[in-house]
Structure formats: C-alpha cells, structure tokens
**Q** 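My questions will all concern the structure given below.
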Amino acid sequence: MSEDLAREEVHHAVDRIVEELLAAANVVTPPVDVIALAQRHLGMLVCLDRRQPQRGRAQRAGGRKQIFLRPEPTEERHQWTVAHEIGEHYKPQLLQRLGVAPEQTRVMAGESLANLFAHHLLVPACWFADDARLHDYDILALKQKYRTASHEVIAWRMLDLAAPCVITVVDNDHVHRRRSNAWRVRKELEEVEKQCQRYVNHYSRPRMVRADGWTVQGWPIHQPDWKREILRSVADE
C-alpha cells in the first residue's frame, strides 16, 4: 500500500464497494447474511469440510469460486470467514479504485484489506453510525441488529466512528487487545475500568461506571469455559 495513501481514503473506498454490493443484492437493513450474499448474489459455493485444519479456504472449480468452511462452534465465525473471502474477491477492484498496483500492496496498520472489508461488510458504515448513537453504543443491543457479526467485530467498528473512545477486550481477566481512535493508551486498565470489568466478570451483567473523568461501559461475553468482557471507555467533557 502506498505510504501516502490515507487510512480514510482506504476506508472510504471499502465503504463504497460495500454499499454498491448491498444495493445490488437488495440488502437494505442489517443483519448482513454474507453466506447468503456469497451464494445467491455472487454465485459462490459455500460448504463445510470437516477435514480441513484452517478456518476456511477458497478455490475455483468449473469457473465458480468455492469456499470450504471447517465446522465452528458459532455461526459468526462462518460469517466472518465468508466475509473475508468476499473481501479477497473484491480486492483487485478495490486496489484499482485506489490506484495501487497489486505488487505494491502491504499489510495496513496490522490489518489486511480482506479483514478490513470483512469488518465493514458485516457492520456497514451506511447504517452503523446512526444505529450506534440510537442504542447509546450498547454492544448487546447492537448485536441484536448485527447478529451475523461477533461482539468483538461490532466493538472494533466503534473505533471507526467519530465519537472518541477506548475499546478493550479482556479474556479471562487478562487484557487481550486495547485500542483508541483518539488517545494514546497503555495496555493496563485505569482504575475505573478495573471496577467495571470486575463487576461484569463476577456478575455476568452489563455495567456502566462513572469516575475520575471517565465513563466506562462493560459487557459480558461469557461461555462456560471462557470469560470475555468488552469495555468502551469515554473521557467526560
């Protein structure tokens, strides 16, 4: 990717292709069922393959693209894998619109173009900004609308919105990933974030905590053998 190619320019190009794809497939509201989109609109064959070790693979046969998925515990993982393969399918068109030769591509900010496309296809920009404000950035409420996307995908898409925040994913009491669209952040949680995370972890209930100039929302994404909490932190004006 060209060094002088702005992040906003790439995101805009991705959003344009996503919007065109959704319009052509007559998808006008969330959720986006990307498996149905791949099969019915793009003519791809999507099927399970219990023998393959990786999450998914794609190949062409008889002039038709085939996507093979390994069995997964959640439907969201299948949706993500197919969204990623659709991103690979549109990658040449995206690069052409950006004026970038294929040999000049590189990983962008630690994320591939196909991954970026998958995020934006599962949680399209044309709807998400309004929906996020309408639901007060409540991940559980937004998951009801964008149910083909994982909680984590929805959370990371909040960093693409204008509202400044910090998103943190905590797995089994350890910070897994932490990013902001406005401020430099250290990996260690602030005390108010620790309070919120401890409550959510213990009670398996959403929580909002206000203290020390911050408002922190926390949500439990708990499984019988795994506890994940997602935090959204905002500096109070």
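None of these values were measured; they are calculated from a predicted model.
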**Q** Can you tell me how far the NE2 atom of H84 sits from the NE2 atom of H89, to the nearest 0.5 Å?
**A**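 It comes to 14.5 Å.
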**Q** Are any non-hydrogen side-chain atoms of V153 and H119 less than 4.5 angstrom apart?
**A**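 Contact flag for V153/H119 side chains = yes.
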**Q** Are any non-hydrogen side-chain atoms of D160 and H120 less than 4.5 angstrom apart?
**A**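 In short, these two side chains touch, coming nearer than 4.5 Å.
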**Q** Of all heavy-atom pairs between I139 and A155, which one has the smallest distance, and what is that distance?
**A**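 Answer, listing the atom of I139 first, then A155: CD1-CB, 3.6 Å.
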**Q** Indicate whether any N or O donor in one side chain lies under 3.5 Å from an N or O acceptor in the other, for D236 and T215.
**A**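 Yes - a donor-acceptor pair under 3.5 Å links their side chains.
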**Q** Output all residues satisfying salt bridge (charged side-chain N to carboxylate O under 4.0 Å, His left out) with K227, sequence neighbours left out; order by chain, then residue number.
**A**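 For K227, no residue satisfies salt bridge (charged side-chain N to carboxylate O under 4.0 Å, His left out) once neighbours in sequence are set aside.
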**Q** Is any side-chain heavy atom of L22 closer than 4.5 Å to a side-chain heavy atom of V32?
**A**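 Side-chain contact under 4.5 Å: yes.
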**Q** From K91 NZ over to L95 CG, what is the distance, rounded to the nearest 0.5 angstrom?
**A**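 One finds 6.5 Å between NZ of K91 and CG of L95.
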**Q** Atom CH2 of W219 and atom OG of S204: how far apart are they, to the nearest 0.5 Å?
**A**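 The CH2 atom of W219 sits 15.5 Å away from the OG atom of S204.
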**Q** Could you check whether any side-chain heavy atom of L142 comes within less than 4.5 Å of a side-chain heavy atom of M158, counting everything from C-beta outward?
**A**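 The answer is yes, as the side chains (C-beta and beyond) meet within the 4.5 Å cut-off.
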**Q** For the hydrophobic clusters of this structure (ILVMFWY residues joined by side-chain heavy atoms under 4.5 Å, transitively), does one cluster hold both L159 and V166?
**A**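 Result: no, two separate clusters.
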**Q** Quick check on the hydrophobic clustering: are V234 and L161 connected, directly or via other members, by side-chain heavy-atom contacts under 4.5 Å?
**A**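 No, because V234 and L161 fall into different hydrophobic clusters, even though each may have its own neighbours under 4.5 Å.
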**Q** Would you give the length of the straight line joining atom CZ of F128 to atom NE2 of H135, rounded to the nearest 0.5 angstrom?
**A**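 Those atoms lie 10.0 Å apart.
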**Q** Restricting to non-hydrogen atoms, name the atom on K194 and the atom on L189 that form the minimum distance, rounded to 0.1 Å.
**A**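 What the structure gives for the nearest pair is CE-O, 3.3 Å.
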**Q** Flag yes if more than 12 heavy atoms outside R97 fall under 6.0 Å of its CZ atom; otherwise flag no.
**A**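 Counting neighbours around CZ of R97, more than 12 heavy atoms of other residues, nucleotides or ligands fall under 6.0 Å, so yes.
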**Q** If I take atom OG from residue S233 and atom CZ from residue R178, how far apart are they, to the nearest 0.5 angstrom?
**A**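 The OG atom of S233 sits 6.0 Å away from the CZ atom of R178.
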**Q** Given 3.5 Å as the limit, does a donor-acceptor pair link the side chain of N181 with the main chain of A163, or not?
**A**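 Between the backbone of A163 and the side chain of N181 there is a qualifying donor-acceptor contact (under 3.5 Å).
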**Q** First locate atom CG of D33, then atom CG of L122, and finally report the distance between them rounded to the nearest 0.5 Å.
**A**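 Reported value, rounded in 0.5 Å steps: 10.0 Å.
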**Q** Quiz question: by atom type and distance under 3.5 Å, do the side chains of W156 and E152 form a donor-acceptor pair?
**A**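 The criterion, which ignores hydrogens and geometry beyond distance, is satisfied for E152 and W156.
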**Q** Inspect the surroundings of CD in E75 and state if more than 12 heavy atoms from other residues, nucleotides or ligands are less than 6.0 Å away.
**A**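 Enclosed.
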**Q** Is it the case that atom NE2 in H222 sees more than 12 heavy atoms from other parts of the structure closer than 6.0 Å?
**A**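 Yes, the 6.0 Å shell around NE2 holds more than 12 heavy atoms from other groups.
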**Q** Salt bridge check, R198 against E191: does any charged N sit closer than 4.0 Å to a carboxylate O?
**A**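 Salt bridge present between E191 and R198.
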**Q** State plainly whether one hydrophobic cluster holds both W127 and L37, where clusters connect Ile, Leu, Val, Met, Phe, Trp and Tyr through side-chain heavy atoms under 4.5 angstrom apart.
**A**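 Yes; L37 is reachable from W127 via cluster members.
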